[in-house]
Colleague: 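To start, I am sharing the structure in question, which I have written as structure tokens.
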Amino acid sequence: DVTGAVFKKEIDGALGFSAIRVLPVGGDLSLEQFARQFWQNIEDEPGYKLIAEHPGLLSALPAIRRRYAVQIPGDSDKTKIVEEHLALHGRRAFLIHVESLTETFASIEGDSEKMASSFHIPAMGPKTSSSPTEVVGVWTMVSSPDTVFTFGSDGTFDLAGARGTYRLEG
């Protein structure tokens with residue numbers, strides 16, 4: 001599945017989508033080279049406008065964080081804001097993608113920040129910090145609406161019946 005694990009969440013009437021993807025990296029590309037290739041086609045989409053791009057971290061890996069606006073396909077009157085965090089580890093790229101309509105993005109921005117700051121690649125070793133959790137709610141998987149990801153205020157989660165605990169950092 002090229003879209004990865006895709007979830008949606010509604011906050012005060014604002015619908016947000018989130019995807020976590022793992023992508024193969026061909027050759028010995030640097031993060032900057034891979035990012036340039038990855039975002040090349042997106043930059044050609046109608047209404048594309050870069051809002052911000054800067055270095056960051058994703059699971060303790062050097063990452064690029066990019067926020068941009070683009071038209072909604074088939075509706076030239078509407079735009080969405082997309083925020084992506086991209087990092088490389090070996091021959092794999094890790095992408096956190098969050099989007100919402102331009103007028104509602106601020107409603108999901110906090111969840112986007114917390115998702116990226118808490119993302120952990122197990123191959124990177126154990127997490128070193130355990131901040132109290134602040135993200136609470138239910139995300140529904142787009143490709144399988146019966147699959148929900150519930151974050152409890154007590155630091156527990158339930159992903160389609162698989163239960164555990166989580167920690168957010170940042």
Colleague: Is the CG atom of D44 crowded by more than 12 outside heavy atoms at less than 6.0 Å?
Modeller: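 Above 12, so yes.
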Colleague: With rounding to the nearest 0.5 angstrom, report the CH2 to CG distance, W39 to L50.
Modeller: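 Rounded to the nearest 0.5 Å, the CH2-CG separation comes to 9.0 Å.
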Colleague: Below 4.5 Å, heavy atoms only, C-beta onward: do R36 and L31 meet side chain to side chain?
Modeller: no
Colleague: For the CG atom of L29 and the CZ atom of F38, what is their distance to the nearest 0.5 Å?
Modeller: 13.5 Å
Colleague: Is the shortest side-chain heavy-atom distance between K9 and I108 below 4.5 Å?
Modeller: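 A side-chain contact is absent here, since even the closest heavy-atom pair is not under 4.5 Å.
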Colleague: Rounded to the nearest 0.5 Å, what's the gap from NE2 on H97 to CG on L86? Could you check?
Modeller: 12.5 Å
Colleague: Decide whether M115 and L61 are clustered together by the hydrophobic rule: side chain heavy atoms of Ile, Leu, Val, Met, Phe, Trp, Tyr closer than 4.5 Å, transitively.
Modeller: yes
Colleague: For I96 versus I20, what's the shortest heavy-atom pair and its separation?
Modeller: CD1-CG1, 4.1 Å
Colleague: Hydrophobic cluster membership, with links at side-chain heavy-atom distances under 4.5 Å among I/L/V/M/F/W/Y: are V82 and I72 in one?
Modeller: no
Colleague: Can you tell whether the side chains of R21 and E84 come within less than 4.0 Å, N to carboxylate O?
Modeller: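 No, no charged N to carboxylate O under 4.0 Å.
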Colleague: Could you tell me the separation between the OG atom of S100 and the NZ atom of K8, rounded to the nearest 0.5 Å?
Modeller: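 With rounding to 0.5 Å, OG (S100) is 13.0 Å from NZ (K8).
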Colleague: Give the minimum heavy-atom separation between P24 and F34, together with the two atoms involved.
Modeller: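 Nearest heavy atoms, P24 then F34: O-CE1, 3.9 Å.
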Colleague: Looking at OH of Y68 and CD of E99, how far apart are the two atoms once the value is rounded to the nearest 0.5 Å?
Modeller: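 Rounded to the nearest 0.5 Å, the OH-CD separation comes to 7.5 Å.
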Colleague: Please report the shortest heavy-atom distance between Y48 and I42, naming the atom on each side.
Modeller: CD1-O, 3.6 Å
Colleague: Which atom pair, heavy atoms only, marks the closest approach of I64 to E32?
Modeller: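 It is CD1-CA, 4.3 Å.
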Colleague: If you round to the nearest 0.5 Å, how far is NZ of K49 from CD1 of I81?
Modeller: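 So the gap between those two atoms works out to 9.5 Å.
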Colleague: Minimum heavy-atom separation for V6 and A19, please, with both atom names.
Modeller: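 Heavy atoms of V6 and A19 come nearest at CG2-CB, 3.9 Å.
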Colleague: Is there a side-chain contact between E113 and E83 (heavy atoms, below 4.5 Å)?
Modeller: yes
Colleague: Does S18 reach the main-chain N or O of V98 with its side chain, forming a donor-acceptor pair under 3.5 Å?
Modeller: no
Colleague: Determine whether a donor-acceptor pair (N or O, by modelled atom type, separation under 3.5 Å) exists between the side chain of T102 and the backbone of T79.
Modeller: yes
Colleague: So, do F119 and H85 sit near enough that their side-chain heavy atoms are less than 4.5 Å apart?
Modeller: no
Colleague: Which atom pair, heavy atoms only, marks the closest approach of A93 to L88?
Modeller: CB-CD2, 3.5 Å
